[in-house]
Amino acid sequence: MEAWRRSLSDAVSAFPVTKAGPAHIATLKTFDPPLRALEGKRFAGAERRGKRLLFPTDDGALTLLVHLMTAGRLKIIAAGGAAPKQPAFQLEFDDGSKLVLTEAGKKKRAGVWLLTPETAAAELEHLGPEALGLGAERLGVILRGESRRLHTALRDQRVIAGIGRAWANEILHAAKLSPYALTGDLGDEAVGRLAAAMDAELERGLALREQGAWDEKTYRVHRRLGQPCHVCETPIAQIDFEEHTIFYCPTCQTDGRILKDRRLSRLLR
Ligand SMILES: [Zn+2]
């Protein structure tokens with residue numbers, strides 16, 4: 001394993017990246033910074049943390065993180081060598097060699113993340129299981145091990161990986177759950193609804209990205225303050241925090257209750 005990592009390390013750091021991509025929509029997990037930001041940069045080498053391979057750029061600006069899961073394979077193909085027609089992910093270097101990720105089978109489980117130093121640190125501290133395809137059973141176990149507001153737990157990457165602030169709003173609305181509900185209080189039925197909403201909303205986001213249609217208008221709840229809920233037409237409400245805002249529908253999610261911003265309350269600590 002170590003010898004393999006070392007050979008990969010020499011190969012990826014020998015020349016700068018000239019072309020980043022293509023990447024399968026299900027394999028590339030991040031879109032900001034864009035993959036193209038890698039072009040012209042050179043990797044410092046390859047590192048390994050558990051099952052994750054890390055390729056930091058030599059200027060310290062970016063880190064490419066690859067998780068192969070069980071079926072993913074990462075290899076270097078020399079210039080002019082036969083490369084797979086549809087790689088899950090590919091980088092081309094200045095000498096014509098390629099770093100290629102392939103994955104057998106239909107299910108794309110291997111992942112590639114392009115991270116800044118800040119997001120890389122957060123990501124690596126301890127990443128929870130992927131949100132997409134998590135399933136009600138595992139989600140239930142995870143949530144019952146926490147005692148926090150649902151919105152907070154969902155976007156904590158150490159609890160579940162892959163849900164940001166915007167999608168936490170979308171998912172909770174689709175699941176008809178209050179952002180302030182406590183994770184430990186959810187019954188089986190609510191957990192099932194949440195697991196289904198996570199898959200449905202994240203799949204919706206992926207599909208829109210794939211069509212190139214992903215933008216702010218993709219959101220049906222997030223940043224829609226005062227606009228009619230797409231289900232019941234109640235105006236969308238918000239709760240402001242220092243660093244983010246929760247958007248929700250009072251009719252669909254909180255039995256008509258308006259949630260208070262209790263920033264000053266010790267209850268939020
Ligand atoms: Zn509604």
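Counting starts at 1 for both ligands and their atoms, following the listed order. Quick caveat: nothing in here was measured; it's all calculated off a predicted structure. The analysis underlying the following values was restricted to heavy atoms, covering all of them including side chains, and did not include hydrogens, waters or symmetry mates.
- Side-chain atoms of Ser9 come within 3.5 Å of backbone atoms of Ala46 as a donor-acceptor pair (strictly under, hydrogens ignored).
- Between His244 and Phe241, the ring-plane angle classifies as parallel under the 30° and 60° cut-offs.
- The angle that Cys249 SG and Cys229 SG make at the Zn ion (ligand 1), rounded to 10°, works out to 110°.
- Contact annotation: His230 places no N, O or S atom under 2.8 Å from the Zn ion (ligand 1).
- Under 4.0 Å is where a charged nitrogen must lie from a carboxylate oxygen, and between Asp95 and Arg42 no such pair does.
- With 2.8 Å as the limit, Cys252 counts as an N, O or S neighbour of the Zn ion (ligand 1).
- Rounded to the nearest 0.5 angstrom, Leu8 CG and Glu47 CD are separated by 12.0 Å.
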